[in-house]
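Quick note: residue numbers are just sequence positions, from 1. Every value quoted in this text rests on a predicted model; they were computed, and no experiment measured them. In each ligand, atom 1 is the first atom listed, and ligand 1 is the first ligand listed. Values reported hereafter were calculated over all heavy atoms of this structure, with side chains retained and with hydrogens, waters and symmetry mates removed.
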Amino acid sequence: MIIFQKDGLTVFQSALWKTTSSVIETNDLILVVDPTWLPHEVQEIQQHVEHIRNGKDLYLLFTHGDFDHIIGYHAFPDAKVIGSKGMQEHPRKQYKLDLIQSFDNEYYVERPYAIEFPTIDIVIEKDGQQLVLGDTTITFYLSPGHTHDGLFTFIEPLGIWITGDYLSDFELPYLFDSAKAYLETLQKSFMILNKYHVEVLVPGHGQATESKEEMERRIDLAKDYLERLINAVSKEDAEAVLGLKKEMSFPSNFTKECHEENVAIIKREYS
Ligand SMILES: [Zn+2]
């Protein structure tokens with residue numbers, strides 16, 4: 001379902017986990033980001049791309065290698081694929097594919113394309129690395145913390161910032177990698193917000209925003225939550241840790257597991 005459309009950017013949101021997929025159209029290219037989840041949702045994105053493509057080169061960006069973001073990889077077989085070095089060298093590719101397979105089996109989902117871990121054609125290795133195609137400049141920053149293989153992507157001249165699984169309007173930080181790296185990535189977010197003229201921020205889950213105050217609020221929200229969690233875990237304050245768990249939206253077994261993983265990672269890094 002399209003939830004945002006303006007100046008060459010179309011954001012789709014899945015019914016599952018509010019996961020977003022973006023399609024960006026410039027004079028020089030079409031860029032598809034994390035096409036996902038259900039077959040008819042991926043098909044809607046394919047149809048949109050076919051409709052606007054007009055012979056342009058197609059690029060496919062993965063913000064990170066989590067299974068919900070890579071599930072539509074083979075729906076765009078002629079695209080050049082962009083991802084981080086960490087994703088290219090992902091140590092658990094088969095595990096991610098197994099998650100997709102078990103999801104599809106559990107819900108009898110059939111897809112008209114094969115499921116594979118993406119092969120990356122354009123590998124992003126460092127902060128500030130750019131892809132310049134005609135008038136379009138795409139600048140990348142590594143964003144570890146949630147996962148080791150995250151990427152921030154800024155597209156000029158449109159001013160679109162694709163943040164992956166950071167800076168959601170509702171989803172609190174999930175650490176599958178490192179709390180320290182996550183805080184550094186949030187610092188990098190402030191830098192990006194100050195360095196560039198960001199017209200719109202698109203997170204991996206939730207709503208896009210054009211408001212600078214809202215972008216700042218989201219950085220502060222994540223930073224404040226993580227700092228309070230680190231503090232509570234370091235002091236072994238069980239009550240405060242439980243309170244922080246309850247702040248997560250959509251409480252479920254999934255958020256419970258994410259919270260437990262957050263606590264385990266913080267214990268490992270801060271004691
Ligand atoms: Zn995600």
Revision key, fill the gap. Salt bridge (Lys or Arg N to Asp or Glu O under 4.0 Å) filter on Lys223, not counting sequence neighbours, yields Glu227

Exercise for review: Please list, chain by chain and in numerical order, all residues satisfying side chain to side chain contact (heavy atoms under 4.5 Å, CB included) with Glu25, sequence neighbours excluded.
Suggested key: Ile30, Ile52, Lys56

Point to revise | Closest approach to the Zn ion (ligand 1) by His205, given as the N, O or S atom name | key: NE2

Point to revise | Salt-bridge present (Glu260, Lys256; N to O < 4.0 Å) | key: yes

Practice item. Cation-pi check, Lys80 to Tyr59: give yes when NZ or CZ is under 6.0 Å from the six-membered ring centre and within 45° of the ring axis, no otherwise. Key: yes

Point to revise | the Zn ion (ligand 1): angle it makes with NE2 (His69) and OD2 (Asp68), nearest 10 degrees | key: 80°

Check your understanding: Does any N, O or S atom in Asp165 come within less than 2.8 Å of the Zn ion (ligand 1)?
Key -> yes

